[in-house]
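Working notes, structure below.
Below, all heavy atoms of this structure are taken into account, side chains as well, without hydrogens, waters or symmetry copies.
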Number of protein chains: 2
Amino acid sequence: MPKHTFYNLPEEKKDTLIDAAKKEFSRVPLFEASISNIVKVAKIPRGSFYQYFEGKEDVFFYLLEKRTEDMNKKFIAILRQNKGDLFKAFLEVFKHLLYDFKNPENRNFFKHTFLNMNHEIEIIFYKMFHENKREDDLTSINAILDKEKLNIENECELPHVMQILKIVTVQNLIQNFAKEISFEKAIEKYELEINLLKNGLYKDKSSYFIE
Amino acid sequence: MPKHTFYNLPEEKKDTLIDAAKKEFSRVPLFEASISNIVKVAKIPRGSFYQYFEGKEDVFFYLLEKRTEDMNKKFIAILRQNKGDLFKAFLEVFKHLLYDFKNPENRNFFKHTFLNMNHEIEIIFYKMFHENKREDDLTSINAILDKEKLNIENECELPHVMQILKIVTVQNLIQNFAKEISFEKAIEKYELEINLLKNGLYKDKSSYFIE
DNA sequence: ACAAATAGGTGACAATATGTCATTTTCAAT
DNA sequence: ATTGAAAATGACATATTGTCACCTATTTGT
């Protein structure tokens with residue numbers, strides 16, 4: 001979390017700093033990013049940087065969380081539009097993200113983020129699909145979700161379903177950045193995998209005998 | 001890949017170097033590891049290190065690939081033992097890995113590796129579940145696999161099934177390292193998710209009418 | 001209006017790591 | 001013994017990091 005001195009900064013200075021940080025994280029992934037570069041581009045003294053942030057991770061996660069919050073709102077809106085159908089919602093969100101990443105300003109930032117997505121980054125990113133405790137009950141994912149369509153025996157299996165959908169989604173995004181495949185191919189692949197998840201990977205032979 | 005000078009080294013010196021590298025990568029993840037530390041522990045001159053390796057990534061991936069090759073053999077053996085049943089094989093391998101990671105010497109190395117598993121590391125690790133081109137046809141996963149039990153329409157869906165199983169497995173391993181849950185709880189959680197994958201996340205209401 | 005107190009800004013600095021390279025050593029082949 | 005190629009070495013230039021002593025600006029109390 002940025003220090004309070006950062007939040008007290010005049011908007012303009014904040015923006016300059018943020019822009020410089022975005023530029024650096026678009027150039028290279030977090031682990032290669034250099035504070036020296038950020039302060040050089042932002043034209044602020046080195047000491048000031050440490051006045052505002054604990055280190056480069058601090059700025060990075062600040063940027064990432066801001067974006068994730070926007071995406072979270074989008075996810076909830078899309079889930080509601082699709083009347084709580086998780087699978088349709090994930091597909092819509094996936095398309096949305098792909099579309100977002102076409103924007104060159106975002107593209108490299110997210111490319112580096114996704115190709116270096118470790119557990120810490122994953123946790124932040126997954127918040128996109130989570131309840132947002134600060135919002136009121138009307139936006140609660142739990143309330144919107146159409147659980148009737150889910151093949152679960154009880155509530156406690158729900159987080160596992162979400163988990164599976166999340167990782168398949170993120171994995172698909174990662175592979176898009178790794179292989180730079182076309183928008184259409186990406187959707188096709190994702191849809192195929194979502195359908196496998198929906199219908200199950202296992203063919204129970206006993207079902208043949210019933211027919 | 002290590003340079004040829006590394007392979008020409010006498011076994012003893014190689015081992016000293018490898019041990020020092022292992023120690024460093026058990027101390028911290030790749031991105032925090034320092035070559036200075038490795039050469040200090042191995043008691044070799046700095047210049048020699050660069051004679052043998054391109055950089056720290058080079059040693060790290062060398063170590064990781066060696067371990068992955070062993071695991072690949074294990075996976076193929078287990079798959080054959082289970083007569084090509086992918087789900088049973090993945091569960092067995094999962095147990096096996098958990099057991100392996102109990103060994104303190106491995107534990108921290110893999111903890112740092114899993115909690116910082118980016119796309120590059122993932123690719124290496126996933127080789128564990130792949131065909132090994134160098135082996136003969138008898139060990140071919142494709143030949144062993146019982147595809148009858150898989151809910152796929154054609155061969156080209158198979159890689160997607162594998163992909164889904166791989167990422168769910170790796171995700172479970174990552175979460176074990178992140179949350180340090182017990183062996184039993186870990187297996188229980190993994191089994192639950194594998195069953196969700198087998199049976200599908202979607203409950204088709206039309207099936208009720210058939211009954 | 002003024003001094004004191006508090007908060008914020010600055011850049012020089014020590015510490016440390018990195019990759020290179022000119023030089024030295026080793027050793028096999030003649 | 002001589003030579004030439006390969007390997008070993010450690011000092012070095014360069015770069016980055018986080019800190020700290022000092023400076024400036026702003027607020028507070030009288």
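- Out of D:dT16, D:dA7, C:dG8, the shortest distance to the side chain of A:Ser34 is found at D:dT16.
- Taking only side-chain nitrogens and oxygens, B:Asn8 comes nearer than 4.0 Å to OP1 or OP2 of D:dA7.
- Taking atom OH of A:Tyr7 as the reference point, atom P of C:dG8 lies 14 Å away to the nearest angstrom.
- B:Leu9 comes within contact range of the sugar-phosphate backbone alone, with a heavy-atom separation under 4.0 Å but no base atom that close.
- When the ring pair (Phe, Tyr, Trp, His ring centres under 6.0 Å) test is applied to B:Tyr50, no partner is found at least two apart in sequence or on another chain.
- Looking only at atom types and distance, the side chain of A:Lys147 has a donor-acceptor partner in the side chain of A:Asn142 under 3.5 Å away.
- Here the rule is side chain to side chain contact (heavy atoms under 4.5 Å, CB included) with B:Phe110, and of B:Asn103, B:Leu97, B:Leu64 only B:Leu64 fits it.
- When the C1' atom of C:dA17 is taken as reference, atom CD of B:Glu57 falls 14 Å away, rounded to whole Å.
- In this structure, of C:dT18, C:dG11, D:dA7, it is C:dG11 that holds the atom nearest to the side chain of A:Pro45.
- Residues B:Gly47 and B:Thr5 both approach DNA chain D. Their nearest nucleotides, taken by heavy-atom distance, put B:Thr5 toward the 5′ side.
- Judged by the 6.0 Å distance and 45° axis criteria, A:Lys166 is not positioned over the aromatic ring of A:Phe129.
- The distance between atom CZ of A:Phe49 and atom C1' of D:dC20, rounded to the nearest whole Å, is 18 Å.
- One interatomic measurement links the two molecules: OH of B:Tyr50 to P of D:dG10, which rounds to 16 Å at whole-angstrom precision.
- Nearest to the side chain of B:Lys13, among C:dT18, D:dT16, D:dA8, sits D:dA8.
- One atom, NZ of B:Lys3, and another, P of C:dG19, lie 11 Å apart when rounded to the nearest Å.
- Rounded to a whole Å, the CD atom of A:Gln51 is 15 Å from the P atom of D:dG18.
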Test log, rule side chain to side chain contact (heavy atoms under 4.5 Å, CB included), inputs B:Phe87 and B:Leu165
CA-CA 8 Å; B:Phe87 306 103; B:Leu165 284 167; 4.2 Å; yes
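- Each of C:dG19, C:dG9, C:dA17 was ranked by its minimum atom distance to the side chain of B:Arg46; first place goes to C:dG19.
- Residue A:Ser36 places its side chain closer to D:dT16 than to any other of D:dG18, D:dT9, D:dT16.
- Taking only side-chain nitrogens and oxygens, B:His4 never comes nearer than 4.0 Å to OP1 or OP2 of D:dA6.
- Side-chain proximity of B:Ile35 to D:dT16, C:dG19, D:dA7: nearest is C:dG19.
- Taking atom CZ on A:Phe31 and atom C1' on D:dT17, their separation rounds to 17 Å, with Å as the unit.
- Among the heavy atoms of the strands lying under 4.0 Å from A:Tyr52 are primed sugar atoms or P, OP1, OP2 only; no base atom is included.
- Here the P atom of nucleotide C:dG9 and the CD1 atom of A:Ile44 are 9 Å apart, to the nearest Å.
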